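For clarity, every value in this text was computed on a predicted model and none was experimentally measured.
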Number of protein chains: 2
Amino acid sequence: MPTTTTESIYTNLITALEDRGLRKTAARAAVTSRIETTGKAFTAEQLCIDLPQVGRATVYRTIRHLVDAGALCKLQILDGAPMYSIARVEHHHHKICSRCGAVGEFQHSTVERVMRSLEKEIDGDIIGHRMEIFITCSQCIADSRTGESSVG
Amino acid sequence: MPTTTTESIYTNLITALEDRGLRKTAARAAVTSRIETTGKAFTAEQLCIDLPQVGRATVYRTIRHLVDAGALCKLQILDGAPMYSIARVEHHHHKICSRCGAVGEFQHSTVERVMRSLEKEIDGDIIGHRMEIFITCSQCIADSRTGESSVG
DNA sequence: ATGCTAATTGATATCAAGTATCAATACTGA
DNA sequence: TCAGTATTGATACTTGATATCAATTAGCAT
């Protein structure tokens with residue numbers, strides 16, 4: 001489960017796995033460590049490339065465990081493979097730079113309030129919601145002014 | 001482009017294609033007609049099965065044209081193939097029954113207002129957003145009470 | 001109506017993402 | 001140590017979707 005602690009991302013991810021009764025192994029350590037050092041959102045395929053010493057199946061399995069544990073968010077950014085970002089806080093939404101792909105989190109109480117008011121209008125029971133905002137991040141705005149690119 | 005007219009869905013879809021300079025062909029008529037009669041959200045694969053006389057490539061291509069034209073919405077409902085729903089109004093969000101998969105649209109002015117207020121907090125320029133709410137629709141609630149299922 | 005030409009089609013091959021299989025290996029607890 | 005279970009990873013497979021390209025067709029000009 002996502003927590004906001006002073007622990008390292010690595011420790012949180014490993015703990016998330018152990019809490020599910022999974023062993024701490026070299027492969028899982030490599031995957032979680034890489035997720036920490038990458039820092040930003042990533043695709044499963046990217047992790048496989050970054051960790052040639054870990055089998056594809058294991059990379060995918062570990063990601064799945066982490067998503068199931070709530071330690072990673074799976075993000076479908078239309079077209080292409082889903083991206084995964086570290087879940088830092090319990091409930092949040094994502095802001096995605098459509099230029100460089102950077103993914104950030106945000107929380108906004110009004111969104112939650114909107115959900116409650118929608119409850120009256122919607123025909124059925126609301127069981128969850130998801131929201132993404134697409135942005136051009138300040139870095140990309142700056143880069144476009146100087147003609148650079150920081151994608152990657 | 002999505003419009004709220006008294007025209008049939010079929011006519012709107014065909015018009016959307018023609019507006020892009022695409023020809024009206026038997027294959028495209030079959031695809032759009034099927035989308036109309038299906039009525040609800042569908043997957044590309046489902047359309048292929050429903051229309052064995054139309055080639056897979058053509059089904060996928062026609063869907064892509066319709067999405068590009070804004071006549072269909074592509075919905076990533078985590079895991080599995082994307083679903084497509086008919087875009088009836090300009091800007092809207094989706095409500096998805098996680099029991100039966102029915103997809104509906106809704107508009108809510110507060111969501112748009114939230115976006116404007118977020119604009120100040122977010123580091124960068126907001127260029128769009130997406131919101132989905134997951135529900136159990138009233139039909140499924142009713143069915144679960146009588147032990148039935150209306151999936152399909 | 002006829003023919004021209006570019007758009008379209010669809011069988012097929014291919015690609016890409018992800019999962020299933022399963023023998024080999026690594027832990028863990030007694 | 002040993003038995004038993006969890007884990008790994010090479011490989012094959014599945015699924016969703018796109019690329020190729022020869023054959024066909026729509027729409028236009030005449």
Side-chain angles (χ1 to χ4, degrees), chain A residues 13-35 38 41-69 71-85 101, chain B residues 10-11 13-35 38 41-69 71-85 101:
Chain A
L13 295 178
I14 289 288
T15 303
L17 294 176
E18 290 180 332
D19 286 352
R20 313 200 91 222
L22 299 169
R23 290 177 182 168
K24 180 180 170 180
T25 66
R28 287 173 184 154
V31 171
T32 50
S33 173
R34 177 71 206 175
I35 290 172
T38 296
F42 57 91
T43 62
E45 216 52 40
Q46 192 54 54
L47 262 195
C48 289
I49 293 166
D50 293 344
L51 299 168
Q53 75 276 22
V54 180
R56 287 174 54 75
T58 301
V59 170
Y60 275 92
R61 273 190 294 243
T62 305
I63 289 173
R64 184 140 35 93
H65 285 312
L66 290 168
V67 171
D68 290 348
L72 286 184
C73 297
K74 184 174 183 178
L75 276 171
Q76 266 298 359
I77 305 174
L78 292 194
D79 297 327
M83 300 197 78
Y84 299 90
S85 74
Chain B
Y10 171 80
T11 306
L13 295 178
I14 289 289
T15 302
L17 294 176
E18 289 180 333
D19 285 351
R20 312 199 92 222
L22 299 169
R23 290 177 180 171
K24 181 179 171 180
T25 67
R28 285 173 184 155
V31 170
T32 50
S33 172
R34 177 72 207 172
I35 291 172
T38 296
F42 57 91
T43 62
E45 216 52 40
Q46 192 55 53
L47 261 195
C48 289
I49 294 166
D50 293 344
L51 299 167
Q53 75 275 23
V54 180
R56 289 174 53 74
T58 301
V59 170
Y60 275 92
R61 272 190 294 240
T62 305
I63 290 173
R64 185 141 35 94
H65 285 312
L66 290 169
V67 171
D68 289 349
L72 287 184
C73 298
K74 184 175 184 176
L75 278 170
Q76 265 298 359
I77 306 175
L78 290 194
D79 297 327
M83 300 197 78
Y84 299 90
S85 74

Of the non-hydrogen atoms in [X] and [Y], which two are nearest, and what is the gap between them?
| X | Y | result |
| --- | --- | --- |
| B:H65 | B:R20 | O-CD, 4.0 Å |
| A:L75 | A:S85 | CD1-OG, 4.2 Å |
| B:C48 | B:Y60 | SG-CE1, 4.0 Å |
| B:I14 | B:R28 | CD1-O, 4.4 Å |
| A:L13 | A:L66 | O-CD2, 3.6 Å |
| A:A71 | A:A16 | CB-CB, 3.8 Å |

Measure the distance from [atom1] on [X] to [atom2] on [N] and round it to the nearest whole Å.
| X | N | atom1 | atom2 | value |
| --- | --- | --- | --- | --- |
| B:R28 | D:dT24 | CZ | P | 19 Å |
| B:Q46 | D:dG16 | CD | P | 11 Å |
| B:E45 | D:dG16 | CD | C1' | 6 Å |
| A:L51 | D:dT8 | CG | C1' | 14 Å |
| B:I63 | C:dT9 | CD1 | P | 13 Å |
| B:L47 | D:dG16 | CG | P | 13 Å |

- Task: Answer yes or no: is there a side-chain heavy-atom contact under 4.5 Å between A:T62 and A:L22?
- Result: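 No; the side chains remain at least 4.5 Å from each other.
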- Identify whether any heavy atom of A:A57 sits under 4.0 Å from a base atom; if not, whether one sits that close to sugar-phosphate; answer base, sugar-phosphate or nothing.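 It contacts base atoms.
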- How is B:Q53 classified with respect to the nucleic acid when contacts are heavy atoms under 4.0 Å: base, sugar-phosphate, or nothing?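 Touches sugar-phosphate only.
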- Item | Angle between terminal axes - the helix from C:dA1-D:dT30 to C:dA30-D:dT1, 5 pairs each end, rounded to 10° |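 Overall, the helix from C:dA1-D:dT30 to C:dA30-D:dT1 bends by 30° from one end axis to the other.
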- Task: Please state whether the base of D:dA10 and the side chain of A:R56 form at least one donor-acceptor pair under 3.5 Å?
- Result: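 Flag unset: no donor-acceptor pair detected.
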- Establish whether the base of D:dG9 is bridged to the side chain of A:R61 by a donor-acceptor pair shorter than 3.5 Å.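 Indeed, a donor on one side and an acceptor on the other fall under 3.5 Å apart.
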- Nearest to side-chain heavy atoms of A:P82, which nucleotide of D:dT8, D:dG16, C:dG18: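 That would be C:dG18.
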- Using heavy atoms to find the nearest nucleotide of DNA chain D for B:Y60 and A:H65 separately, return the residue whose nucleotide is more 5′.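 Comparing both residues, the 5'-ward one is A:H65.
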Please produce a list of atom pairs where a protein N or O lies less than 3.5 Å from an N or O of nucleotides 26-30 of chain D.
unit_1: D:dA26; atom_1: N3; unit_2: B:R23; atom_2: NH1; d: 3.1
unit_1: D:dG27; atom_1: OP1; unit_2: B:K24; atom_2: N; d: 3.4

- In sequence, state the C-alpha distance, the side-chain angles, and the governing distance for A:R34 and A:V31, and then conclude on side-chain contact (heavy atoms from CB on, under 4.5 Å). CA-CA 5 Å; A:R34 177 71 206 175; A:V31 171; 5.9 Å; no
- Could you tell me whether the phosphate oxygens of D:dT18, OP1 or OP2, come under 4.0 Å of any side-chain nitrogen or oxygen in B:R64?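 Looking at the OP1 and OP2 atoms of D:dT18, one of them is under 4.0 Å from a side-chain N or O of B:R64.
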- Message: Test your reading of the model: is there a side-chain donor-acceptor pair from A:T58 to the backbone of A:V54, 3.5 Å cut-off?
- Response: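 No; zero donor-acceptor contacts below 3.5 Å.
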